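Below: one structure, written as structure tokens.
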There are 2 protein chains.
Amino acid sequence: MAEQHRRPTLMDVAAAAGVSRALVSIVMRGAPGASESTRQKVLEAAEQLGYRPDSRARLLRSSRTKLLGVSFSISHPFHAELVDAAYGGAESRGYDIALSAVTSGRSEASGVQSLLDLGCEALILISPTLKEDELTGYARRVPVVSLLRDDVGQAVDSVSSDDHAGIRLAVEHLAALGHQKIVHVDGGTAVSAAPRRAEFNREMERRGLEPRVIPGGPYEEDGLRACELLRAECPTAVVAFNDRTALGVMEGLRAAGLRVPADVSVVGYDDSQFARLSYVQLTSVSQDAPLLAEAAVDVAVGRLEGEQPPSHVIRTPHLVVRTTTAPAATNP
Amino acid sequence: MAEQHRRPTLMDVAAAAGVSRALVSIVMRGAPGASESTRQKVLEAAEQLGYRPDSRARLLRSSRTKLLGVSFSISHPFHAELVDAAYGGAESRGYDIALSAVTSGRSEASGVQSLLDLGCEALILISPTLKEDELTGYARRVPVVSLLRDDVGQAVDSVSSDDHAGIRLAVEHLAALGHQKIVHVDGGTAVSAAPRRAEFNREMERRGLEPRVIPGGPYEEDGLRACELLRAECPTAVVAFNDRTALGVMEGLRAAGLRVPADVSVVGYDDSQFARLSYVQLTSVSQDAPLLAEAAVDVAVGRLEGEQPPSHVIRTPHLVVRTTTAPAATNP
DNA sequence: TGGGGTGACTAGAACGATCTAGATTCCCCA
DNA sequence: TGGGGAATCTAGATCGTTCTAGTCACCCCA
């Protein structure tokens, strides 16, 4: 139906309230310089007309747009949790968020470009796959915060979780349960797969255990596929690249007649929705999405408002122990 | 670092190319009225300066924003597929998409409001939970298309999948396999739970079978919980509200020592990523996300460009048979 | 030669807000 | 009485575009 009722402008409100445009502007953004009585009068008139400020015009004029651009991968549930938390963080700081999804058919670069066109003052890129020099290029225009990835060069801020510590927690937990034959199903070429793999090797060697790594990937299918190789290793415990990988691994183990955790313990990474499902109850390394997302918002806002924040924030993850890990069988 | 290099404007390009602002504008949007030679010259200058039109200003001036607002629920993977497809559809029609996620902490109404503030010309709401009169209210301002929900009143267009047909397909498939004790684990209060439930009852009765419905919900946990009641019914087949519900049901059956599909067949709904996982291989009713999303974009664009499109598009889903359904056991 | 037409280009007014600088009112106190 | 100063309000420029209504140069043909 959409009757093309032109939406009311400052002018309309001003006319209705019998004051000037500028004064209405002052009232609308809560700036000082209006008496309480006219403030009421103006607000009433605005309410009456159903006035809403046109953010395009507003943002055009004041170089401040109060818009944060967030790009995320739509197929990744953990990103969803981060986005969720980012909304909250931004709101409490008086910013709004523009979203851009990276999908199979839509590259990160084009998403970032449209965020910029929309007038975002800063970018928060979740697990960006752009190359370092591309990121640096964007950082010349606006503050850029990389979330969940830290090898992004000096020009780009980053907020990430300490992958080394996370993997150490996982290995430590399993070792404390008496496991010795621990295998890592890695993330293949995914972001942060490399550091996790490296730290796994390091930590295992530090403990005098033989590090075994099997190529995997970030999805269930990858974990499942890895099980073919995994079985040859006869491990008593598996550290998976992330929760989805872990789910795939568990499925593969189950198909092979192995019980979790009686025969094999499994640790995931992300502590995502999946890990928390009542029938999964996956022991997992939690990166604490809300804290990470809020930290990213803080860094971005900090840059914008002039304080020079630390360039690279690294948070320490913690382990959430559920039911997929148990002491190693006494007779291996 | 973000050196605050003011971004170049039409003026800058005009100065660099030695022409007027207006001419640059003409060239940039490919309008007629510029000679080939100056066109080249201008494009070169723009390229040189790294000029990108400021969409805020552009959109402020021309009432057309070419922006479609899409709201979706971030926790719902099927929505992700729709968003993905919507991006493609919009792009091919020369529109851009602004996203708004509905999360636990962010209501649909506030999301819609910010889409409107951003200047979206039309809204595509995926499974909106707003009340009919609220929707109608928005529809007075811009064209609104409800995706996946069709009881939205006359003022709002809708694109949905024929839930009745979908449920019929599922029941028909199971009946053809010889199943008689078929139970529906419903979606509780979720959008489209009611029509699916009703059609299940109708279709079962039409076939002279006794319709059994067990309260469920849209998530794995709901399906799992439903299994407690389900076992009392001893069904040979289950039609679940959606794929996630089906996953929960299958998990519950497995925990009870029942095999799928040998003991119980299970049909899901949505044909989502989950259904396609190699170790799930869930038989599911496919609503065909790309088609639905593109239809929604078509309707929205149609409204905007003046053609009066059909108000309510309903697409017929189809069944994707995988490995979770099998003939009913010969000895029940 | 000169009038009409066309193609290439430009000046200046929008769009709807913000912001600066100045005007007006009112109060208080010397 | 009158002037300083705070509080309140307004006019007008401005942001970076698009768009309308021109201007200007050039060509063609009567």
Side-chain angles (χ1 to χ4, degrees), chain A residues 4-43 45-46 49-67 94 96 116-121 141, chain B residues 4-43 45-46 49-67 94 96 116-121 141:
Chain A
Q4 256 20 328
H5 250 168
R6 191 179 54 79
R7 63 188 278 178
T9 74
L10 270 194
M11 275 282 241
D12 302 320
V13 179
V19 297
S20 74
R21 231 171 353 130
L23 189 54
V24 178
S25 167
I26 285 172
V27 172
M28 292 319 288
R29 68 204 135 93
S35 69
E36 196 46 43
S37 66
T38 45
R39 195 174 285 273
Q40 283 311 323
K41 197 170 54 179
V42 167
L43 285 176
L49 293 174
Y51 169 79
R52 296 226 82 210
D54 182 326
S55 53
R56 295 167 290 162
R58 156 176 287 180
L59 306 182
L60 171 59
R61 170 60 223 211
S62 62
S63 46
R64 303 302 314 273
T65 67
K66 293 275 190 173
L67 248 191
D96 209 344
L116 250 23
D117 289 350
L118 242 96
C120 292
E121 291 186 81
R141 319 249 264 101
Chain B
Q4 257 16 332
H5 248 170
R6 195 179 52 79
R7 60 188 278 178
T9 75
L10 272 192
M11 275 282 240
D12 302 321
V13 178
V19 296
S20 74
R21 230 171 356 129
L23 189 55
V24 178
S25 168
I26 286 172
V27 171
M28 289 321 286
R29 67 203 136 95
S35 70
E36 196 46 41
S37 63
T38 45
R39 193 173 287 272
Q40 283 311 324
K41 197 170 52 181
V42 167
L43 286 176
L49 294 174
Y51 170 79
R52 296 226 83 211
D54 182 326
S55 55
R56 296 166 291 163
R58 156 176 286 178
L59 307 182
L60 171 58
R61 171 60 224 208
S62 62
S63 46
R64 301 302 313 274
T65 68
K66 294 276 190 169
L67 247 192
D96 210 344
L116 249 25
D117 290 350
L118 233 73
C120 292
E121 290 186 80
R141 319 245 267 101

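Sequence lines set the chain letters: A, B, ... in the order given, protein chains first and strands last, and positions in each chain run from 1. Every heavy atom of this structure was used, including side-chain atoms; hydrogens, water molecules and symmetry mates were not. The structure displayed is predicted, hence computed values, not measured ones.
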- How close or far is atom P of C/dT18 from atom CG of A/Leu23, stated in whole angstroms? 12 Å
- OP1, OP2 of C/dC9 versus side-chain N and O of B/Thr38: anything below 4.0 Å? yes
- Query: Can you give one letter per nucleotide of nucleotides 16-23 of chain D, going 5' to 3': B for a protein heavy atom under 4.0 Å from the base, S for sugar-phosphate only, - for none?
  - Reply: BBBB----
- Task: Go through the side-chain N and O atoms of A/Ser25 and A/Arg21 and say whether any donor and acceptor fall under 3.5 Å apart.
- Result: no
- A/Arg39 CZ to D/dA7 C1', in whole Å, measures 12 Å
- Query: Heavy atoms, side chains only, cut-off 4.5 Å: are A/Arg39 and A/Val27 in contact?
  - Reply: yes
- Message: How close do A/Leu23 and A/Ala34 get, counting heavy atoms only, and between which atoms?
- Response: CD1-CB, 3.9 Å
- Query: For the side chain of B/Arg7 and the backbone of B/Arg52, is there at least one donor-acceptor N/O pair under 3.5 Å apart?
  - Reply: yes
- Closest non-hydrogen atoms of A/Leu49 and A/Ala16, given as atom of the first, atom of the second and distance, are CD1-CB, 4.1 Å
